[in-house]
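The block underneath contains the structure these notes are about, expressed in structure tokens.
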Amino acid sequence: MASGKLLRQLIKTGAEGNHDAFRQASEEVICDERAKQHHLLADDLERILNGRRKSSISRLSPLNAKVPTDRERNLPLLLVKEPFSRIEDIILSDENISLINEILREHHHTGRLKSRGLYPADKLLFCGPPGCGKTLMAEVLASELGLPLTVVRIDSVISSYLGETAANLRRVFDFISTTPIVALFDEFDTLAKERADETDHGELKRVVNAFLQMLDGYEGKGVLVAATNHEKILDSAVWRRFDEVLAFEPPNIEQIKRLLQVKLRGFRRAFKTDDTRIAGLFKGMAHADVERILRRAAKDMVLSGEDLLSKDHLKMAIRRDDARRARTQSSRSPISHPIP
């Protein structure tokens, strides 16, 4: 923690509204924490102060230059991103919070574990319906570990050439095994579908076999995260390859209340976020659905020239979202949200 002198200086300049002096004091606090080897805290403070980490461009540029490409179309096989979402930005079940905290704790004490021949969990499987936070959780994990996030581009990995998909996967694993990152395999079921499915051709089965072998041999410097909306079609041999499996579900009423509190920070409201009747309007929705509706309601409030976000704004946004579902005829059964 920063010294008392630095903290007094920081609070004094902030209270006086002296922006330049406040920034200087903040930078001194960051330097002080970095000198104490508190790099994660220093990175976080730097992100808050600057809106993004100063090291972002310098760190990601050489990483992007090393990203492998497929031979067929010369497309990058991974997308490198700087993660900004933090643990407080995501709403999880108590079980998942406990699991994630334990995983972070293991990675923050890697040296202690390795001294006893133990290793932190580095292969995670996220499963559950769309929009329930799997991709966001991968970003949060990267941010909390101070690592870049790389998303494996399934559209680039899968090739029309015989044997090239497995070769692309090998390039991906060679990259993520030597680079400290969080690597996200989204739509993981595309590459790890049940091999007993007689409708699939032999090439896909060979890809699954190759992928399972690469998972077995993975000893990366970061974390491998696989995410799927269709865990029931995963090959039965996949599950034991992962250190931890996290199941993501639509939020319950209490989680919706916390989600409203997080997403409506900074908005004046004519209701309380812990009102069960307000939270009940979103019952059965995924996290992403709630966030999309809140964003639409906030836009309606601003464009209407009103100062308070009201229940009527929420109701109107929900009606529009239900109409959107009906028009798009999504593969999921439409969820009805009665408006009281």
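This structure is a prediction, so every number in the text was calculated from the model and none was measured.
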- [ ] Before giving the answer on salt bridge (Lys or Arg N to Asp or Glu O under 4.0 Å), spell out for Asp275 and Arg277 the whole-Å C-alpha distance, their side-chain angles and the decisive distance to 0.1 Å.
- [x] CA-CA 5 Å; Asp275 187 333; Arg277 292 169 299 178; 3.2 Å; yes
TODO: Decide side chain to side chain contact (heavy atoms under 4.5 Å, CB included) for Ile318 and Asp321; before the verdict, give the C-alpha distance in whole Å, the side-chain angles of both, and the deciding distance to 0.1 Å.
DONE: CA-CA 5 Å; Ile318 291 172; Asp321 202 67; 5.5 Å; no
- [ ] For side chain to side chain donor-acceptor pair (under 3.5 Å), just list the numbers for Asn252 and Lys283, CA-CA rounded to whole Å, side-chain angles, deciding distance to a tenth of an Å, and then say yes or no.
- [x] CA-CA 7 Å; Asn252 59 31; Lys283 186 177 181 180; over 6 Å; no
Open item on the list: Between His313 and Ser310, is the side chain to side chain donor-acceptor pair (under 3.5 Å) condition met? List the steps.
Closed with: CA-CA 5 Å; His313 293 126; Ser310 69; 3.1 Å; yes
Open item on the list: Please evaluate residues Leu184 and Val152 with respect to the criterion side chain to side chain contact (heavy atoms under 4.5 Å, CB included), reporting the C-alpha separation (whole Å), side-chain torsions for both, the decisive distance (0.1 Å), and the verdict.
Closed with: CA-CA 6 Å; Leu184 171 63; Val152 178; over 6 Å; no
Open item on the list: I'd like to know whether Ile90 forms a side chain to side chain contact (heavy atoms under 4.5 Å, CB included) with Ser85, so could you lay out the CA-CA distance, the side-chain angles of the two residues, the decisive distance to 0.1 Å, and finally the verdict.
Closed with: CA-CA 8 Å; Ile90 189 169; Ser85 297; over 6 Å; no
- [ ] Assess whether side chain to side chain contact (heavy atoms under 4.5 Å, CB included) is satisfied between Ile256 and Leu281, documenting all intermediate values.
- [x] CA-CA 10 Å; Ile256 290 173; Leu281 297 174; over 6 Å; no
- [ ] Output, in order, the C-alpha distance, side-chain angles, deciding distance and verdict of salt bridge (Lys or Arg N to Asp or Glu O under 4.0 Å) for Asp89 and Arg265.
- [x] CA-CA 11 Å; Asp89 297 324; Arg265 282 186 302 222; 3.6 Å; yes
Open item on the list: side chain to side chain donor-acceptor pair (under 3.5 Å) for Thr276 and Lys257? Distances and angles first, verdict last.
Closed with: CA-CA 8 Å; Thr276 301; Lys257 290 178 182 179; 2.9 Å; yes
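Not counting sequence neighbours, the partners of Phe185 by the ring pair (Phe, Tyr, Trp, His ring centres under 6.0 Å) test are Phe173, Phe211. In this structure Lys221 satisfies the side-chain contact (heavy atoms from CB on, under 4.5 Å) test together with Pro180, sequence neighbours excluded. Among residues two or more places apart in sequence or in another chain, the side-chain hydrogen bond (donor to acceptor under 3.5 Å, both in side chains) test is passed with Arg153 by none.
Closest approach of Ala227 to Lys134, counting heavy atoms only: CB-CB, 4.2 Å. The heavy-atom pair separating Leu191 from Ile154 by the smallest distance is CD1-CD1, 3.6 Å. Closest approach of Val225 to Ala138, counting heavy atoms only: CG1-CB, 4.4 Å. The minimum heavy-atom distance linking Val172 with Leu77 is given by the pair CG2-CB, 3.8 Å.
Between the side chain of Ser177 and the backbone N or O of Asp174, no donor-acceptor pair lies under 3.5 Å. Checked by atom type and distance alone, the side chain of Asp122 never pairs as donor or acceptor with a backbone atom of Val223 at under 3.5 Å. Proximity of a side-chain donor or acceptor of Asp289 to a complementary backbone N or O of Ala286 within less than 3.5 Å is detected. Remark: the backbone N or O of Cys127 is not paired with any side-chain donor or acceptor of Asn229 at under 3.5 angstrom. Side-chain atoms of Lys81 never come within 3.5 Å of backbone atoms of Pro148 as a donor-acceptor pair (strictly under, hydrogens ignored). Although no hydrogens or angles enter the test, the distance criterion places no donor-acceptor pair under 3.5 Å between the side chain of Arg240 and the main chain of Val238. Counting only distance, with no hydrogens or angles, the side chain of Ser98 and the backbone of Glu95 share no donor-acceptor pair below 3.5 Å. At distances below 3.5 Å, not a single donor-acceptor pair connects side-chain atoms of Ser159 with backbone N or O atoms of Thr165.
Between Pro251 and Ile91 there is no side-chain heavy-atom pair separated by less than 4.5 Å. The shortest distance between side-chain heavy atoms of Glu144 and Glu139 does not fall below 4.5 Å. Contact check for Leu260 versus Ile278: side-chain heavy atoms found under the 4.5 Å cut-off. Contact check for Leu264 versus Leu294: side-chain heavy atoms found under the 4.5 Å cut-off. Using a 4.5 Å heavy-atom cutoff, the side chains of Leu149 and Leu141 are not in contact. Side-chain contact between Met301 and Leu308 is absent, with no heavy atoms from C-beta onward closer than 4.5 Å. Side-chain contact between Thr179 and Lys66 is absent, with no heavy atoms from C-beta onward closer than 4.5 Å. Residues Val157 and Asp70 fail the side-chain proximity criterion, which asks for heavy atoms closer than 4.5 Å.
For the atom pair Lys123 NZ and Arg241 CZ, the distance stands at 8.5 Å (nearest 0.5 Å). Atom CZ of Arg171 and atom OG of Ser156 lie 11.5 Å apart (nearest 0.5 Å). Atom NE2 in His108 sits 12.5 Å away from atom CG in Leu113 (nearest 0.5 Å). Between the CD atom of Gln261 and the CG atom of Leu259 there is a distance of 10.5 Å, given to the nearest 0.5 Å. With rounding to the nearest 0.5 angstrom, the SG atom of Cys132 is 14.0 Å from the CE atom of Met137. To the nearest 0.5 Å, the span separating CG on Leu169 from CD on Glu164 amounts to 10.5 Å.
Leu75 and Leu79 fall into different hydrophobic clusters, where Ile, Leu, Val, Met, Phe, Trp and Tyr side chains are chained together by heavy-atom contacts under 4.5 Å. The cluster map of Ile, Leu, Val, Met, Phe, Trp and Tyr, joined by side-chain heavy atoms under 4.5 Å apart, puts Met285 and Met316 in different clusters. Placement of Ile103 and Tyr119 in two distinct hydrophobic clusters is found when ILVMFWY residues are connected by side-chain heavy-atom separations under 4.5 Å, directly or transitively. Note on Val208 and Trp239: same hydrophobic cluster, where clusters join Ile, Leu, Val, Met, Phe, Trp and Tyr whose side-chain heavy atoms are under 4.5 Å apart, directly or indirectly. Leu118 and Leu145 fall into different hydrophobic clusters, where Ile, Leu, Val, Met, Phe, Trp and Tyr residues are linked whenever their side-chain heavy atoms come under 4.5 Å apart, directly or through other members.
Under a 4.0 Å N-O distance rule, the pair Asp322/Arg319 does not qualify as a salt bridge. Taking a cutoff of 4.0 Å between a charged side-chain nitrogen and a carboxylate oxygen, Asp300 and Arg296 do not qualify as a salt bridge. A salt bridge is absent between Arg258 and Glu254; no separation between the charged side-chain nitrogens and carboxylate oxygens falls under 4.0 Å. Using a cutoff of 4.0 Å between basic side-chain nitrogens and carboxylate oxygens, Arg112 and Glu106 are not scored as salt-bridged.
The local environment of CD in Glu102 is crowded, with over 12 non-hydrogen atoms from other residues, nucleotides or ligands closer than 6.0 Å. Crowding of Arg73 atom CZ: a count of heavy atoms from other residues, nucleotides or ligands under 6.0 Å exceeding 12.
Screening Phe248, Phe188, Phe242 for a ring pair (Phe, Tyr, Trp, His ring centres under 6.0 Å) involving Phe126 leaves a single residue, Phe248.
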